[in-house]
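Just below is one structure, and these are the notes that go with it.
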Amino acid sequence: MKTKKKALKIIRNIILIFLAVAIVVLAVLFFPLKGKEHIEIWSKSDKFDISKIETVDKTREDFKILMLTDTQLWSNPKKNKECYEEMDKLVEKTKPDMITLPGDVLSAMASRFSINNFIKHMDSYKIPWAPVFGNHDNEIPTNSLNWQGDKYEASKYCLFRKGPSNLYGCGNYVVNIVENGKPVYSVYMFDNGRYLKYDKDTTKEIYMGYEQIAWYEWNVLGINKAAGYTVPSMTFSHFAQPEFKEAIEKCGVKGKDDSYTIPKEYGFGYCQYLPGCAPVKSGFVDKCKELGSTKYIFCGHDHENNASVTDDGITYTYGLKTGPSPVPWNFAKETGGTLITINGSGENQNVNIENYVINENNR
């Protein structure tokens, strides 16, 4: 009898210990991380101040931007290590002046553990870097984008800014590339990385917000006035624009497997499937054409697509998927990064885009 009671006591203690550990783990994983309160109201009637925009100096004829997208660092240390090694090779190979990351840097619950290692690794390059958020960065609402934004803003080399709190998302900001103190190129970073329910049967990628478009126009006009001419620019966001999908259908060659290959006269690369984008246009691309500043629009999100296509004066480009994660849901045929080189100076600048493949048939 005593033996039975002792056994029951041991079992009870084991259960209590298990429950205590489970509670601690759940608390660590799901305790809400809200970050510092951020209120920054923007109005188109605000006076434009170019000194408030982050800058990166252009110190040579060609300015190189390395785009790393959809790294999706998560709970697999081995795959994270492989991704970091791939990033290291890309930085060593391309020697960029700036690095952009158009979303899905982190995945799920791992974001609260991966973000510090990621920032430390990025800062080790001693190169200015600019991220925006994607749909996977916000998979777990307790790891708020506001909290992640605090982490990015505290980084020594990160250019991220939360931006106006009355715009959609967290992380709408501008970076000016300057030469002799004057802006020669602008880089617009937009947060458009979540899904929207359009009706009871349709959930798709969100469109670019109308207030984001108004804020973009305000910045373009303000920078142009300060510079004395139309400063060329490019944009980075996670989701493709609907016009990208139209350009692929218009210019691409459709295969039997419903993939599209881009002929050389329009660009390069392929789309294993049509771009994931909002089912409606909000006027962002029309505004880009109207203002005449932005000629290049970059995105990530669709791992299996790496196309770049020019249509009606705008070049739409997917960043080449970086790193192997998340396995087994990543089916990119090749991974690496995309190098964007801005050549020349003044109004005669031109842009060259090329993919750097590090790994092929990565599964």
Side-chain angles (χ1 to χ4, degrees), residues 56 63-108 110-137 148 151-152 154-160 171 175 187 189 193 234 236-238 269 298-306 308 317-327 329-341 353-363:
V56 178
F63 187 92
K64 296 181 179 181
I65 300 174
L66 175 62
M67 177 165 53
L68 308 172
T69 189
D70 293 86
T71 52
Q72 290 192 218
L73 299 162
W74 65 326
S75 55
N76 188 326
K78 182 177 181 294
K79 295 303 176 185
N80 288 352
K81 183 174 181 291
E82 290 177 22
C83 182
Y84 283 135
E85 288 172 349
E86 193 168 296
M87 289 162 60
D88 292 345
K89 289 177 183 177
L90 286 163
V91 171
E92 177 59 32
K93 237 180 174 183
T94 63
K95 294 180 171 47
D97 300 288
M98 178 179 171
I99 299 171
T100 57
L101 301 107
D104 281 4
V105 170
L106 309 169
S107 280
S111 62
R112 63 173 63 200
F113 307 110
S114 302
I115 192 166
N116 290 330
N117 288 336
F118 171 72
I119 291 172
K120 184 178 179 181
H121 199 94
M122 289 299 300
D123 278 353
S124 72
Y125 299 136
K126 298 182 179 179
I127 297 169
W129 55 283
V132 291
F133 293 120
N135 53 292
H136 285 293
D137 295 291
Q148 293 180 55
K151 293 282 187 178
Y152 286 148
S155 155
K156 183 176 180 180
Y157 292 94
C158 187
L159 300 165
F160 178 91
V175 178
V187 177
M189 310 300 292
M234 58 183 64
F236 292 86
S237 61
H238 191 57
F298 297 92
C299 66
H301 183 51
D302 295 324
H303 301 176
E304 292 75 28
N305 294 348
N306 67 7
S308 180
T317 304
Y318 274 109
L320 186 63
K321 165 83 175 78
T322 306
S325 294
V327 174
W329 305 287
N330 169 38
F331 299 99
K333 290 182 179 179
E334 50 195 15
T335 62
T338 302
L339 184 66
I340 305 153
T341 305
I353 305 167
E354 56 185 322
N355 286 333
Y356 276 71
V357 176
I358 299 297
N359 289 305
E360 295 184 11
N361 300 316
N362 201 311
R363 288 286 190 269

Taking every non-hydrogen atom, the tightest pair across Pro128 and Leu159: CB-CD1, 3.8 Å
Nearest non-hydrogen partners of Thr338 and Leu320, listed with the distance: OG1-N, 2.8 Å
Aromatic ring pairing Phe298/Phe236, orientation class (parallel under 30°, perpendicular over 60°, tilted between): parallel
Intermediate values then yes/no, side chain to side chain contact (heavy atoms under 4.5 Å, CB included), His238 and Asp70: CA-CA 9 Å; His238 191 57; Asp70 293 86; 3.4 Å; yes
Flag, side chain of Tyr84 to backbone of Phe118, donor-acceptor distance under 3.5 Å: yes
From Asp123 atom CG to Lys156 atom NZ, the distance as rounded to the nearest 0.5 Å: 8.5 Å
Distance (rounded to the nearest 0.5 Å) between Lys93 NZ and Ile358 CD1: 4.5 Å
Residues Lys89 and Glu85 bridged, charged N to O under 4.0 Å: no
Under 3.5 Å donor-acceptor, Asp137 side chain and Val105 backbone: yes
Lys78: partners by side chain to side chain contact (heavy atoms under 4.5 Å, CB included), with sequence neighbours left out: Asn76, Glu82
Between CD1 on residue Ile340 and CZ on residue Phe63, distance to nearest 0.5 Å: 10.5 Å
Within-4.5 Å side-chain heavy-atom neighbours: Met87 and Cys83: yes
Atom pair CG (Asp97) and OG1 (Thr341), whose distance is rounded to the nearest 0.5 Å: 9.0 Å
Side-chain touch Ile119/Trp129, heavy atoms, less than 4.5 angstrom: yes
Worked verdict on Glu304 versus Asn330 for side chain to side chain contact (heavy atoms under 4.5 Å, CB included): CA-CA 8 Å; Glu304 292 75 28; Asn330 169 38; 4.2 Å; yes
Residues that Ile127 engages under side chain to side chain contact (heavy atoms under 4.5 Å, CB included), provided they are two or more places apart: Val91, Pro96, Ile99, Tyr125
pair Leu101-Met122: side-chain heavy atoms closer than 4.5 Å: yes
Minimum heavy-atom distance Pro102-Ser237, with the two atoms named: CB-O, 3.7 Å
Pairwise side-chain contact, Tyr318 with Cys299, heavy-atom cut-off 4.5 Å (strictly under): yes
Side chain to side chain, His303 and Phe331, heavy atoms closer than 4.5 Å: no
Asp104 side-chain N/O to His136 backbone N/O, donor-acceptor pair under 3.5 Å: yes
Polar side-chain atom of Ser107 near backbone of Leu73 as donor-acceptor pair, under 3.5 Å: no
Glu86 side chain to Asn359 backbone, donor-acceptor under 3.5 Å: no
Side chain to side chain contact (heavy atoms under 4.5 Å, CB included) between Asn80 and Ser325, worked out: CA-CA 7 Å; Asn80 288 352; Ser325 294; 4.1 Å; yes
Distance in Å, Asn355 CG paired with Leu339 CG, rounded so as to fall on 0.5 Å steps: 9.5 Å
Nearest-0.5 Å distance, CG of residue Leu66 to CE of residue Met98: 11.0 Å
Heavy-atom side-chain contact between Leu106 and Gln148 under 4.5 Å: yes
